[in-house]
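All values derive from a computational prediction rather than experimental measurement.
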Amino acid sequence: MVAVNKNYSEVAFKLYPKKNDKVIQYGTAGFRANAEDLDHIVFRMGFLAVLRSKKKNSSFIGLMITASHNPEEDNGVKLIDPYGEMLDQSWEAIATKLANADDSSLDSIINEIAVNENINVELPASVYIGEDTRPSSKRLAKAAYDGVIESGGSCTDYGIITTPMLHYLVKSRNTDEEYGKCSSNGYLEKLSNAFKTIRKDVYSHKNYLSELYFDGANGVGSIIMKEFLPFLGNTISVKIYNDKHNEVGQLNHNCGADFVKVQQKAPEGIPHVPNARCVSVDGDADRIVYYFTDENGTFHLLDGDRIATLIAGYLMELIKDTGLNFNLGLVQTAYANGSSTNYISNSLKIPVACVPTGVKHLHHKATEFDIGVYFEANGHGTVIFSDRVKEIIKKESTNTSLDAKKLAAVKYLRALIDLINETVGDAISDMLLVETVLHAKGWNIQDWKATYYDLPNRQLKVTVKDRNVVKTKDAERYCVSPPGVQDAIDKTVKKYANGRSFIRPSGTEDVVRVYAEASTQEDADKLAAEVVDIVRCLAGGI
Ligand code: G16
């Protein structure tokens, strides 16, 4: 370890002085706040990314400017570790300390990080930056860039890309392109080549029609989807809507995955074609939900739980066809619909685990399986394969002594692995995966919907004085504080058939979230409203 020899305090004070004393926490997906409050924080994250790169022996680190599903006036920043994973949790507290420090303490804090983490500050450092389409993103990306350069790192700004693309770029760069070519085109080529290998020239199959309506949330998803179309050729027809990424006030506004999931209705800006298969992605295209509106005008949502069950069920069949012995598991959060959990356990007979909200928790748990499928109900998820699985699949795909059926299944599985962005939930990769499974099964969206029936549910949010007074345990299913809240929820839940409800502090917005499900929509709505009242009374609602 060599002592840090830079004047961080002076340069921060000069270029991006701390504007306010609002305390901010590295939460579910990094720092999120109103964009006006973020310049100095993003600049400091440039410092932190450089330290992280040095800590990881000069590996490339990602820094993404996005507030994803949040309203357009918000923004955020998160760091990506060398293999495309979220920043290691042990560094979240470090990030929080650095973000909240006074300018004058930055030198001593950075020195302390270097000493405590045993960082060789003489090593070179490299950072990749990406940003979403928010009006504030360019400015904040510049602040991050300045932070990297001022602390002696080298930096590449990839401009407007999806969050999963940045995860991909970081991983591919740090694996010497073994994971795929380290460029935006490399990403598109990798996914499209895998998709075309699987689909061949077959356009439609049984009930499956290769036509899709795409809601781009007026964000980067619509830009990348347009760039992606030529790579996909004739394999699939995607009609793109909500592509007004240049118009102020449009991002996530009455559209996008979060709107569709939470409001349980179709987005604006997309035609209502009865029974057409539609997808909505969020502001940085790391989440996806499917939906359709039937001939009676009834809206049907196929969210992350549905995607997870579809993929896990299909992978299970495929593994059986390969004759190989892999353990497959599925990871959910408390938001997973009770019916989906029953279906996974009782019909698919796949082990299922429940963890707290946040992709980092799901991803971590999924690594305990040979093949881990993880999805949040909001549409954020992916599949990860252990190194052992990948090695076996690679070896077996050239094993000419396998019978034709087994060999075909192994080769198919190998192409599927290439289609999946294992680093993080990726709306575009997930969409191609779902399309692959539906196509293979010859299903239309109604066939998919018919696999099980969701319990009606409702999600609400409550503004409180301090969301951190709400503490939970048991993967957020039990509220331990403030006192009395869980008892009150339990009593209320008992009044409703198949009732279930929980509350938790959001990690991305200044609110407490309320989830409720019950046998009927009316009951789910009533239960959610009663739990909102409990939060207001006992947890400092304003
Ligand atoms: C982020 C996280 C997700 C989380 C979501 C909502 O998603 O990556 O894991 O489910 O926030 O979190 P919360 O309920 O704590 O506000 P995104 O798509 O906004 O990056």
Side-chain angles (χ1 to χ4, degrees), residues 12 16 18-49 51-52 61-71 73-81 85-103 105-106 109-110 112-113 116-117 136 140 143-144 147 163 284 286 333 355-364 376 378 380 461-473 475-476 479-482 503-513 535 539-542:
Y16 296 93
K18 190 177 178 193
K19 279 190 203 156
N20 56 59
D21 286 328
K22 288 181 196 162
V23 176
I24 189 162
Q25 243 176 323
Y26 198 99
T28 319
F31 293 110
R32 292 216 182 148
N34 184 290
E36 296 312 309
D37 294 332
L38 282 173
D39 297 64
H40 68 284
I41 289 165
V42 166
F43 179 64
R44 293 163 182 213
M45 287 308 106
F47 292 168
L48 192 71
L51 286 168
R52 186 73 186 150
I61 295 295
L63 188 157
M64 184 72 196
I65 303 292
T66 181
S68 191
H69 75 275
N70 288 48
E73 59 274 19
D74 284 358
N75 215 323
V77 55
K78 63 180 168 187
L79 298 191
I80 300 169
D81 262 353
E85 341 76 293
M86 299 287 192
L87 175 68
D88 190 277
Q89 278 184 52
S90 62
W91 272 54
E92 291 182 4
I94 297 175
T96 299
K97 188 166 180 186
L98 193 62
N100 291 297
D102 288 333
D103 292 326
S105 341
L106 288 176
I109 290 179
I110 288 176
E112 185 186 303
I113 299 171
N116 291 348
E117 293 292 322
S136 57
L140 292 173
T163 296
D284 61 341
D286 62 358
T333 69
V355 298
T357 302
V359 185
K360 57 193 176 196
H361 301 297
L362 289 105
H363 192 96
H364 183 70
E376 296 185 300
N378 63 21
H380 203 146
K461 46 187 178 185
V462 194
T463 308
V464 293
K465 276 188 220 109
D466 176 10
R467 68 183 147 144
N468 293 315
V469 299
V470 174
K471 306 250 182 278
T472 62
K473 65 173 188 181
E476 304 180 320
C479 176
V480 286
S481 154
I503 65 167
R504 53 173 287 278
S506 160
T508 61
E509 293 174 63
D510 210 3
V511 295
V512 169
R513 300 207 191 278
V535 175
I542 48 176

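Checked for salt-bridge contact, Glu92 and Lys360 meet the test: a charged N lies under 4.0 Å from a carboxylate O. One finds a salt bridge joining Asp81 and Arg52 here, because a Lys/Arg side-chain nitrogen approaches an Asp/Glu carboxylate oxygen to under 4.0 Å.
Atom CG in Leu98 sits 5.0 Å away from atom CD1 in Ile113 (nearest 0.5 Å). Atom NZ of Lys18 sits about 6.0 Å away from atom CZ of Arg44, to the nearest 0.5 Å. In this structure, Ile110 CD1 and Ile94 CD1 are separated by 11.5 Å, a value rounded to the nearest 0.5 Å. Considering NE2 of His364 and CD of Glu85, their distance stands at 12.0 Å, rounded to 0.5 Å. Note that CG of Leu140 is 10.0 Å distant from CD1 of Ile41, once rounded to the nearest 0.5 Å. Rounding to the nearest 0.5 Å gives a distance of 10.5 Å between CE of Met45 and CD1 of Ile65.
One N or O on the side chain of Lys19 and one on the backbone of Glu36 form a donor-acceptor pair closer than 3.5 Å. The closest donor-acceptor contact from the side chain of Asp74 to the backbone of Arg32 lies at 3.5 Å or more, if one exists at all. Side chain of Glu73 to main chain of Ala35: no donor-acceptor pair is present (N/O by atom type, distance under 3.5 Å, no hydrogens or angles). Here the side chain of Arg467 pairs a donor or acceptor atom with the backbone of Ser506 at under 3.5 angstrom. Between the Asn100 side chain and the Ile24 main chain, a donor and an acceptor come within less than 3.5 Å of each other. Under the 3.5 Å distance criterion, the side-chain polar atoms of Thr463 are left unmatched by any main-chain donor or acceptor of Asp510. Between the side chain of Thr96 and the backbone N or O of Tyr26 there is at least one donor-acceptor pair closer than 3.5 Å.
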**Request:** Applying side-chain hydrogen bond (donor to acceptor under 3.5 Å, both in side chains), run through Thr163 and Asp286 and close with a yes or a no.
**Result:** CA-CA 6 Å; Thr163 296; Asp286 62 358; 4.7 Å; no

**Request:** Carefully, step by step, assess Glu509 and His69 under the rule side-chain hydrogen bond (donor to acceptor under 3.5 Å, both in side chains).
**Result:** CA-CA 10 Å; Glu509 293 174 63; His69 75 275; 3.1 Å; yes

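Residues Ala101 and Leu106 share a closest heavy-atom pair of CB-CD2, 4.2 Å. Considering every non-hydrogen atom in both Thr333 and Pro356, the closest pair reads CG2-O, 4.0 Å. Nearest approach of Gly507 to Thr28, heavy atoms of both residues: CA-OG1, 2.8 Å. Pairing each heavy atom of Ile61 with each of Ala49, the nearest pair is CG1-O, 3.9 Å.
Counting only heavy atoms from C-beta outward, the side chains of His361 and Met86 never approach each other to under 4.5 Å. The shortest distance between side-chain heavy atoms of Val464 and Val469 does not fall below 4.5 Å. Put simply, the side chain of Leu79 does not reach to within 4.5 Å of the side chain of Trp91, judged on heavy atoms.
The side chain to side chain contact (heavy atoms under 4.5 Å, CB included) test with Phe31 singles out one residue from Asp37, Val77, Thr508, and that residue is Val77.
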